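Structure, as structure tokens:
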Amino acid sequence: MERPFAMHRIRNIGIAAHIDAGKTTLSEAMLFLSGKKHRFGEVDEGEATLDWMPQERERGITITAAATTIAWNGHALNLIDTPGHVDFTAEVERALRVVDGMIALFCAVGGVEAQSESVWRQAERYGVPRLAFVNKMDRVGADFFRVVEEMRRSLGANPVPIVLPLGAEDKFRGIVDLLTMEAVLFGDGEGKAEPVVVPIPKEVAKDAQAARERLIEAVAEADDLFLGLYLAGEASTEDLRAGIRRGTLAGKLVPVLAGSAAKLKGVRRLLDAVVEFLPSPADLPPVEGTWEGQTLTRVPSPAEPLSALIFKIQADRHVGKVYYVRIYSGVLRGGDPVLNAGRGTVQHVGRLFQVHANERTPVEELAAGEVGALVGLEEAHTGDTLCAPRAPIVLEAMEFPAPVVDLAISPLRRTEADRLSRALAALAAEDPTLFLRTDPESGELIVSGMGELHLEIVVDRLRREFGVEVATGAPQVAFRETPLQAGDFDHKLVKQTGGRGQYAHIVFRIEPTAPGTGLEFESQVVGGRVPQEYIPAVRKGLVDAMAKGPLGFPVVDLKFILLDGSYHDVDSSEQAFRQCAARALREALSRLGTALLEPVMHVEITTPAEFVGSVVGDLSARRGKLLSLENKGNFSVVTAAAPLAELFGYATVLRSLTSGRGSFTLRFDHYQRVPASLVPKLVKRVPVYSG
């Protein structure tokens, strides 16, 4: 089958930024200018194509990463628009795992904000080359050069402007292209007409020449090949373009552009830059994976064995689960048998699709470098690798942050309990940051998520998509427990009630471990003192007991070393050892004592400068730790770390402190121990902040 676009003409790109920077508006502008849609949708009016969920259109925010494909200058751009709200950071994580390049969007007024920094670090972790687009240049307070400097200072980036804005705020009328050394004027309209290319105005000619010289110097520092041509006096504009591309792909520089997506200004030049400077799948090094302890590689080619990564799952009432995949090598065809390498199961693929928001177009196959969707798998999860059964490989999966907010949830009608369980299971399969558990004492179903908005959306989807009406408690901070110290224990379970009894005996040691390690299990049993077939049951018993510690919260970060034990030929069983281990751990934790862990949030507050003292003082009273203080015009940005439990009602407090002019964002940072003196107060399960 002849492919519509050769691999070197494909660009898999994501758009990521802080909330309200204009990501979805930029996506809509790209769709409109490429001819993919014939009307420019207004995000604030609920008309955005890629914000297709009812909850997105009502709130004017992006909740789930949406994919589409557009054509531009003979290239296919597979575009993924990602959320900016911190509660949906998992959507950004999985998008950045599979894209080849990223457009980092910055508001010309807000600059580098909290979530801007988070997505930048995520892109760095996956080695994703980036372009930067300074949006909203027509807004009051827009400052292109301040944003570029913030990128350098706050992100440690090497931003290199390839355009020079002509004016700012209501005087923003165009750009100077520093590669062609021509001016592009947008006119006074909405930018829908083709821009006019004119000579550089005399009043900015000197600034433009200086900016081009800085561009040339930056590229020469980042690319040795261009440096050689430049020193020899042989560097042409095409050599400069090639040098920018090589520097961008190597992560040594970030080309910066400017415009206003809402007015369609500067978006054409951005699309050109995506084609010029971001990588195609053919530009990427071989993807690495493992199998049976060996490191393997797959070249991005249709001729290689199949390797693909499931990066997103979507529940659909009509076709079941829809699996979004990125093909790294080989060709995937409908009906093909594929190995889910991490789970060791061979399944058959159903139908394949290209995706445009929530619309799906059937295709016969997906080849290396392409992004698409499939249905028909029996069971798979986010991060699973699909590969050729005869050429197994497991690709690097994704890591997601731990949930920090709990919500008790129950059906309004008892008859709908099964429907609620199925609906929540479907949503949890979609969302790797959504956790479900049952409180062992109350029997309540507890849903854990990334924030109040995250859980609010879950409840709304239960009602609308699955038709289940539910009752909920107040959101609660997701505390955790960990052992205070190490200790050695000996525990025996003996039950004799006539006939076959229960017998299990274990000797073990418990040690606290580093944050984020979860449960580490090690068996040092020798001589069959505890038969091998019973050891997995011991581990299952530990997991049972860790669901609720002495203080009433899940237990994390401990190492359990099984040292010795004994068994009975007749009375021992897997169930007996599982029960013994659970009881043993509960008793051990009660004797050792546990420390309470609480989620600490990274807080970024924007406030008029005259209220900084009040804001910082209030944060200190909330056990907050000031990290930085920065002035941006008439406003100050306060960055701090503060316990989530102390941020209840903070939105109302901040409005009062700043005469209604302050705003803030939160994102989870880490868990830390609660001072012992505060534990009695906090174990009452303080509600989460109310945004």
Side-chain angles (χ1 to χ4, degrees), residues 1-14 67 69 71-80 94-102 126-129 242 245-246 248-251 274-292 294-312 323-342 346-349 352-355 363-374 383-398:
M1 175 182 174
E2 185 178 346
R3 311 223 62 79
F5 291 93
M7 191 185 298
H8 71 278
R9 291 186 174 273
I10 295 175
R11 301 290 185 271
N12 295 311
I13 60 171
T69 301
W72 188 260
N73 287 351
H75 292 70
L77 276 56
N78 295 320
L79 174 67
I80 301 180
R94 52 188 172 192
L96 291 179
R97 171 64 180 83
V98 298
V99 298
D100 303 329
M102 184 180 95
Y126 291 120
V128 179
R245 179 176 175 80
R246 288 190 297 269
T248 303
L249 300 194
V274 167
V275 169
E276 284 181 293
F277 305 125
L278 290 182
S280 74
D283 295 316
L284 301 178
V287 64
E288 287 192 353
T290 59
W291 184 254
E292 295 182 344
Q294 291 186 325
T295 299
L296 305 173
T297 59
R298 292 284 187 270
V299 175
S301 164
E304 286 273 297
L306 172 70
S307 65
L309 186 76
I310 297 174
F311 68 93
K312 178 179 169 68
Y323 300 91
Y324 287 71
V325 291
R326 161 68 193 269
I327 313 297
Y328 284 95
S329 64
V331 179
L332 180 64
R333 299 179 180 87
D336 277 358
V338 294
L339 171 67
N340 186 326
V346 175
Q347 303 178 29
H348 281 78
V349 174
L352 302 175
F353 304 93
Q354 278 191 336
V355 180
V363 294
E364 293 181 15
E365 62 182 41
L366 295 170
E370 295 184 330
V371 175
L374 63 91
D384 283 359
T385 299
L386 303 180
C387 60
R390 294 185 179 181
I393 187 172
V394 177
L395 303 177
E396 180 190 2
M398 293 160 271

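Since we're looking at a predicted model, the values are computed, not measured.
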**Message:** Restricting to side-chain contact (heavy atoms from CB on, under 4.5 Å), what partner residues turn up for V363, sequence neighbours left out?
**Reply:** L352, Q354, L366

**side chain to side chain donor-acceptor pair (under 3.5 Å) pairs, two or more places apart, involving residues 300-311** = S307-S329

**Asked** Quick one: side-chain contact (heavy atoms from CB on, under 4.5 Å) partners of N78, sequence neighbours excluded?
**Response** I10, N12, T69

**Message:** Which residues pass the side chain to side chain donor-acceptor pair (under 3.5 Å) test with R246, not counting sequence neighbours?
**Reply:** D223

**Request:** Tell me, please, which residues at least two apart from Y328 pass side chain to side chain donor-acceptor pair (under 3.5 Å).
**Result:** R97

**Message:** Which residue is it: L306, T385, V346? I am looking for the one with a side-chain contact (heavy atoms from CB on, under 4.5 Å) to L339.
**Reply:** V346

**Message:** I want to check something: taking the side chain as every heavy atom from C-beta on, are V275 and L77 in contact at a cut-off of under 4.5 Å?
**Reply:** yes

**Pairs satisfying salt bridge (charged side-chain N to carboxylate O under 4.0 Å, His left out), at least one member in residues 329-338, at least two apart** = R333-E365

**Message:** Does any part of the side chain of P392, heavy atoms only, come nearer than 4.5 Å to the side chain of E292, both counted from C-beta?
**Reply:** no

**Asked** Can you name the residues that form a side chain to side chain donor-acceptor pair (under 3.5 Å) with R245, not counting sequence neighbours?
**Response** D283

**Message:** The criterion is side chain to side chain donor-acceptor pair (under 3.5 Å); which residues satisfy it with R326, sequence neighbours excluded?
**Reply:** D100

**Request:** Check whether any side-chain heavy atom of P286 lies under 4.5 Å from a side-chain heavy atom of R298, and answer yes or no.
**Result:** no

**Request:** Report the residues that fulfil side-chain contact (heavy atoms from CB on, under 4.5 Å) with V99, sequence neighbours left out, ordered by chain and then residue number.
**Result:** I80, L96, V128

**Prompt:** Should V371 and F311 count as side-chain neighbours, where that means a heavy-atom distance under 4.5 Å?
**Reply:** yes

**Prompt:** So among H8, E276, R11, which one has a side-chain contact (heavy atoms from CB on, under 4.5 Å) with H75?
**Reply:** R11

